[in-house]
There are 2 protein chains.
Amino acid sequence: MPHQLDAPTRLAVSTVIFTLRPGAAGRAVLWTPLVRRTREPQLGLWALPGGWLPVNEELEVAAARTLRATTGLAPKYLEQLYTFGEVNRSPDARVVSVVYWALVQSDEAARAAAGPNVRWVPADTLPGLAFDHNRIVEYALWRLRTKVEYTEIAHAFLGGTFTLAELREVYEAVLQRSLDPANFRRTMIASGRLRETGEFQAGAAHRPPKLYRYDPSATRTADDREPFQSERPAS
Amino acid sequence: MPHQLDAPTRLAVSTVIFTLRPGAAGRAVLWTPLVRRTREPQLGLWALPGGWLPVNEELEVAAARTLRATTGLAPKYLEQLYTFGEVNRSPDARVVSVVYWALVQSDEAARAAAGPNVRWVPADTLPGLAFDHNRIVEYALWRLRTKVEYTEIAHAFLGGTFTLAELREVYEAVLQRSLDPANFRRTMIASGRLRETGEFQAGAAHRPPKLYRYDPSATRTADDREPFQSERPAS
DNA sequence: TCAGCTTACAGTCGTGTTGACCAGAAGGCG
DNA sequence: CGCCTTCTGGTCAACACGACTGTAAGCTGA
């Protein structure tokens, strides 16, 4: 056992943050911010945003706070991912990390601050990160891709109103495959959670598409909702 | 803020344990073991099995250990559920609990030890528990019922071999609704994860049913498996 | 101005899944 | 040996969903 017996287990909160950025092949790709470690252990390596849990702060609030500290943004979706507590995941002391994952609006993230100690990277081709953070991001990616298929979190990447093509681009970027526009329209309308705004998005060289708004109150049965998962957490 | 500023946050591991027992209406019901608190706070109240996390023990091992301590059993399924860390969930200090949920084999659980400080209760009609443990059990129940529908964890309640009727009873007990025997057979066989043992269960006053065995290696694609979730954890 | 281009949007068709239902098989029991 | 039970295999219709076709409606450029 590598730790001092009298050293207590330390509790940290980290957050995997996702946003979308335009990609080369016309399809958007997932990006995530990393922070450079400014102290030992693993000084200089890139790691997930996070920090020690203050005694009087809620877990979710701590996650949102570190998210704001590194990106200047408020999450549009924030959910607990998993708690990582392997005995040897940190070389110095026993550290248990409660990890959250978050989605932030893409156009806001484009204006996000990125200093010398904050760096955005494509989530699918990460550099070698500190501790077990590569594995954590991979798990968060798996959860995002799984959850996009059976919930309505995709709109968290977009603004208040969006076209069906924009929403489809989000799905295609997350799922990494093309979707038939007509079928996509049918299933999204059938979900009952989209409301037409009555407005259209003009300016493009084709027929102007309708603008929709996400309506969380619509046709949602009680038993498919998850307990205590807030979709719009207080930042 | 009710806590002393210098008191550190304490880290606990608790486990929600489920098994099946024969019920009145012919349908089995879910039972869970509780332990009586032997010290303050909430002394005398019933609570989930658990304890403080030792510095050198893995989270999952700690969960399996407390499970063994209260039931004398090894889990056939063990998975992390959620981490509960509300600032005021414990009146004395800040306590963050990493909660696991487990399934134990029903016939083994029937022989499980139950002393004056261990009590098995139906999981759907709990008494008032200590702290936020009622909410935790409710969430574990929701997760069990959700996960039974898209995974193959139901066999964890049964022994090595079982009939399709026994397996169907498990599903009916967990989902709390009747299932058509013929359709149930079709979907289970189509899943490809059941193997005939070649033996039959004799002795009943009807046609003897085939005995099956669960085969986890069969026809499982790589991307529907969850990362680092062990189905047969080391006890 | 008008052909032509692009995307929005609507509908059809075939397939696979799933629930409801039916019928024969194969044991034990009176 | 009839009769009960459950086991087991099958059909049928409703539905969801992917592939595909066709029309609508804007903008652009010659």
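Naming: A, B, ... by sequence-line order, numbering from 1 per chain.
D:dA16 atom C1' lies 16 Å from atom CZ of A:F184, rounded to whole Å. Put simply, CD1 on B:I189 is 13 Å from P on D:dC7, counting in whole angstrom units. A:M188 places its CE atom 16 Å from the P atom of D:dA16, with the value rounded to the nearest Å. Rounding to whole angstrom units, CD of residue B:E172 and P of C:dG19 are separated by 13 Å. Put simply, OH on A:Y171 is 12 Å from P on D:dC17, counting in whole angstrom units. Atom CZ of B:F200 and atom P of C:dG27 are 8 Å apart (whole Å). Taking atom CG of B:L179 as the reference point, atom C1' of C:dA20 lies 13 Å away to the nearest angstrom.
There is a side-chain donor-acceptor pair under 3.5 Å between B:R143 and B:Y139. In the model, B:T83 has a side-chain atom that pairs as donor or acceptor with a side-chain atom of A:T83 under 3.5 Å.
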Could you run down the sub-3.5 Å N/O contacts of the protein with nucleotides 4-8 of chain C?
{"residue": "C:dA8", "atom": "N3", "partner": "A:R207", "partner atom": "NH1", "Å": "3.2"}

Every protein N/O within reach of nucleotides 11-14 of chain C N/O, cut-off under 3.5 Å:
none

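Judged by distance alone, with hydrogens and angles left aside, the side-chain atoms of A:D180 form a donor-acceptor pair with the main-chain N or O of A:N183 at under 3.5 Å. For the pair A:T15 (side chain) and A:P49 (backbone), a donor-acceptor distance under 3.5 Å is absent.
Every side chain to side chain contact (heavy atoms under 4.5 Å, CB included) that A:A123 has, sequence neighbours left out, goes to A:F18, A:L30, A:T32, A:L141.
B:T66 has its side chain out of reach of B:L48: every pair of non-hydrogen atoms, C-beta onward, lies at least 4.5 Å apart.
Ion pair A:K76/A:E108 not flagged as a salt bridge, since none of the NZ, NE, NH1 or NH2 atoms sits closer than 4.0 Å to an Asp/Glu carboxylate oxygen.
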